[in-house]
Amino acid sequence: MSRPPRPASVHPRPTPAGLPLTGTGFDTASVRTQLAEADPGTLLMALTHLTRDEGVLERFSSVCVPPYLGAPPEAAAQAEEIRGLLTAALTGERPLPRDAGPLPVELFRRMASAHVHEPVDEEFVPLLLEQCGFTRLADSPPVPHNERSRPPENFHVVVIGAGLTGICAGVKLAEAGYSYRIYDRNDDVGGTWLTNVYPNVGVDTPSHFYSYSFEVNPDWPEFFSKGPVVLDYLRRCADGYGVREHVAFRTEVVACVYDEALHRWRVTTRGPDGRLTDEWADAVMSAIGFFQGPVRPEIPGLDDFAGPVVHTAEWDPALDFNGKRVAMIGTGASAMQVGPGIVDDVAHLTVFQRQPPWVLPRGEDPTVPTGARWAMRHVPYYAEWFRFFTYWHASDGNFARVVMDPDWTMPDVSVSKASEELRQWLIGYAQQEMADRPDLLAKVIPSYPPFGKRILRDTDWFRMLRRDHVGLVSEPIERLTPHGLVTADGVETPADVLILATGYQVLPMLSRIRITGRGDRELSDLWGTDDPRAHLGTTVPGFPNLFVLAGPNSAPNHGAGVNLLAEAQVDYALGCLDLLHKSGARAIEPRQDAHDAYNVKVDEALTNRVWSHHTVRSYYQNSVGRVVTSCPWRLVDFWTMLREPDPAEHILR
């Protein structure tokens, strides 16, 4: 039996069927004016996709040359000609081919290669077609995928968490025909984007990729959007796909116990009234993510500090910083956003740094031009091709920079030629930003290779540090007093407010929930406090029909892709359940030998990745230095691994 029809998109996608554009604002002059602010390379892809004219692609390829290589002299004139040709196609002045059929895969690959000005190998094509949104369009080639059957009517799935991954699970479960319920301890959907409300909170992954492939959003106001905008997107997706009506809010899952006789999970929840309730589920998906809660540093005297103490994950919007001396502990992702967000209000800001982060250059104007947003709303294929462009430059292109070269001659500071080139570029940016502050330069250059810890995007961090009323302290904090912080050199820094930008607890994974599998085996006993393992980062032997989304060694820490990971793991879970239904079984779990063999490969690969470098200590690692969060593979490799479960690697009962 085929899948049920897909729900209508929250953001309608323009297609050739909607051409020509007619009505107010769609005359030739107006369209040409709007296209002037759109990206020429992406316009070329849209024009080629619409016309199927390969000659156009070859003729105007100069517009795709990256700025750092220098624009060819003819590029500006070519861009104008592209706008003219596309305007004619959009307004009906130039007839388009009728019933053109799916775009040939080889043409797609040539277009992709031209767009990013480098070869796009055939192995990437299926991922790009799906993850950049093309396969949701009627005239795009399908991604090879086994047809799945509709599940039994009484088969029920419980999902834990209503953030980005949980909403994705709800959409995909409904699309596949499953009964499901989502539990979330918050009072709305959104997960981390609901709970993190500190000043300047936002994504450091390009917005046009940090979204669902099945719901391409044409209306991002910035290339790296702020938290409220991301939350609004997730809310609209949850509402538009009917996910919200399946969510039990202010309800926490406290236990999941597998009943071997029934082949079902007894899920115990605590509702808003504090009462415990049991629900039976045939399968469980954990979608609570990597971060389990805020980390509060163990610093003597912390409880004695007289002023307000706030963690970035538990922000109090009522905090008043006007005229206050503020101390901020930490220089990670949240600190890099909070600091610039409050610096104009404080009397003085002192940042206490344990290790500096590597900082990617800031863009001068983060705003998406009006004409580019117009093109995403009205030009068929423009949004999909722009999504591809942003994905390509923020994902597997970085993989060479995290792989250690055993013959590299500078192993203490970088791991390969590509790693060193990136390091020098980032150092150059820091030198440029700190040109008039040599006293700060040495403090902001990390001693570990790039990507060893999370690499961050500059949100005016360097400009903030240069300001007269901002200080950067690298001495370790020894203790707190009621009115300040004392460092190891004996200096006390006075403070009225203390901000803890000290990150999140990653280990032990799934610590909030007691999960009991076959033979009364507790997942916490199997994993211990800090050594979680899973098959393909998703399933665990002895825990049938349990899917750990964002599980051990699944994080794409070399580039963008949390949304890709969510979709791929949900799709893999549905593939496992489909295998279950087709076999007539009730329970599926990975074989122990398959699980163990996979994890041997993971450990072997990780010894050769930058996250295991001898200078690196991060939340990616456990207490003995084993990397437990990072996925050692390219995104295309992991995505391919998760396409379909291998029956030989599973036990079906």
Side-chain angles (χ1 to χ4, degrees), residues 160-161 163-166 169 256 284-293 402 453-454 503-517 521-558 561-562 564-573 576 588-612 616-635 637-639 641-642 645 649-650:
I160 308 171
L164 181 147
T165 302
C256 298
V284 174
M285 295 184 184
S286 166
I288 62 177
F290 293 104
F291 299 134
Q292 311 292 302
V402 305
K453 298 174 69 172
R454 183 174 176 179
Y504 300 83
Q505 175 186 335
V506 173
L507 299 170
M509 283 189 180
L510 297 180
S511 59
R512 299 201 311 259
I513 308 168
R514 181 172 63 86
I515 300 177
T516 308
R521 185 75 184 273
E522 299 281 343
L523 187 62
S524 59
D525 292 338
L526 178 65
W527 283 356
T529 57
D530 65 355
D531 197 29
R533 295 179 183 272
H535 184 53
L536 295 175
T538 311
T539 57
V540 184
F543 294 82
N545 300 4
L546 174 70
F547 304 96
V548 184
L549 311 179
N553 295 115
S554 64
N557 288 329
H558 69 276
V562 171
L564 182 151
L565 172 65
E567 293 187 32
Q569 286 190 303
V570 169
D571 193 60
Y572 179 76
C576 288
I588 183 170
E589 63 181 273
R591 297 175 59 91
Q592 187 70 53
D593 57 349
H595 166 277
D596 294 348
Y598 174 77
N599 278 278
V600 167
K601 292 179 181 178
V602 166
D603 287 347
E604 289 175 348
L606 284 170
T607 62
N608 192 35
R609 302 293 183 262
V610 68
W611 310 299
S612 300
V616 174
R617 287 298 300 163
S618 74
Y619 69 81
Y620 298 164
Q621 303 167 335
N622 67 7
S623 59
V624 296
R626 187 177 83 81
V627 177
V628 294
T629 62
S630 304
C631 179
W633 325 117
R634 297 177 304 168
L635 286 170
D637 298 324
F638 198 43
W639 181 87
M641 291 177 191
L642 293 169
E649 295 180 346
H650 291 83

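The basis for the numbers below is simple: all heavy atoms, side chains too, and nothing from hydrogens, waters or symmetry mates.
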If you measure from [atom1] on [X] to [atom2] on [Y], what distance do you get to the nearest 0.5 Å?
X: Cys256; Y: Ile160; atom1: SG; atom2: CD1; answer: 4.0 Å
X: Ser511; Y: Ile288; atom1: OG; atom2: CD1; answer: 7.0 Å
X: Asp531; Y: Arg626; atom1: CG; atom2: CZ; answer: 4.5 Å
X: Leu507; Y: Thr629; atom1: CG; atom2: OG1; answer: 8.0 Å
X: Trp633; Y: Asn553; atom1: CH2; atom2: CG; answer: 9.5 Å
X: Tyr598; Y: Arg533; atom1: OH; atom2: CZ; answer: 11.5 Å

Could you tell me which non-hydrogen atom of [X] sits nearest to which non-hydrogen atom of [Y], and how far apart they are?
X: Thr165; Y: Ala566; value: OG1-CB, 3.5 Å
X: Arg514; Y: Thr516; value: NH1-OG1, 3.3 Å
X: Ala605; Y: Pro632; value: CB-CB, 3.6 Å
X: Leu526; Y: Phe543; value: CD2-CE1, 3.9 Å
X: Glu589; Y: Pro544; value: OE2-CG, 3.4 Å
X: Arg617; Y: Gly625; value: NH1-CA, 3.4 Å

Look at the side chain of [X] and the backbone N and O of [Y], then say whether any donor-acceptor pair between them is shorter than 3.5 Å.
X: Gln292; Y: Leu510; answer: yes
X: Ser612; Y: Leu606; answer: yes
X: Ser524; Y: Glu522; answer: no
X: Glu649; Y: Pro590; answer: no

Can you check side chain to side chain contact (heavy atoms under 4.5 Å, CB included) on Leu549 and Val570, steps first, answer last? CA-CA 7 Å; Leu549 311 179; Val570 169; 3.8 Å; yes
Do the ring planes of His535 and His650 sit parallel (below 30°), tilted (30 to 60°) or perpendicular (above 60°)? perpendicular
Would you say the rings of Phe291 and Tyr619 are close, in the sense that their centroids are separated by under 6.0 Å? yes
Check: [Y] and [X] side chains under 4.5 Å, non-hydrogen atoms:
X: Phe547; Y: Cys576; result: yes
X: Val562; Y: Phe290; result: no
X: Asn545; Y: Ile588; result: yes

Candidate pair Val616 and Trp611, rule side chain to side chain contact (heavy atoms under 4.5 Å, CB included), full reasoning: CA-CA 7 Å; Val616 174; Trp611 310 299; 5.6 Å; no
Please walk me through it: do Tyr620 and Val628 pass side chain to side chain contact (heavy atoms under 4.5 Å, CB included)? CA-CA 6 Å; Tyr620 298 164; Val628 294; over 6 Å; no
Between Ser554 and Gln569, is a side chain to side chain contact (heavy atoms under 4.5 Å, CB included) present by the stated rule, with each step listed? CA-CA 9 Å; Ser554 64; Gln569 286 190 303; 3.9 Å; yes
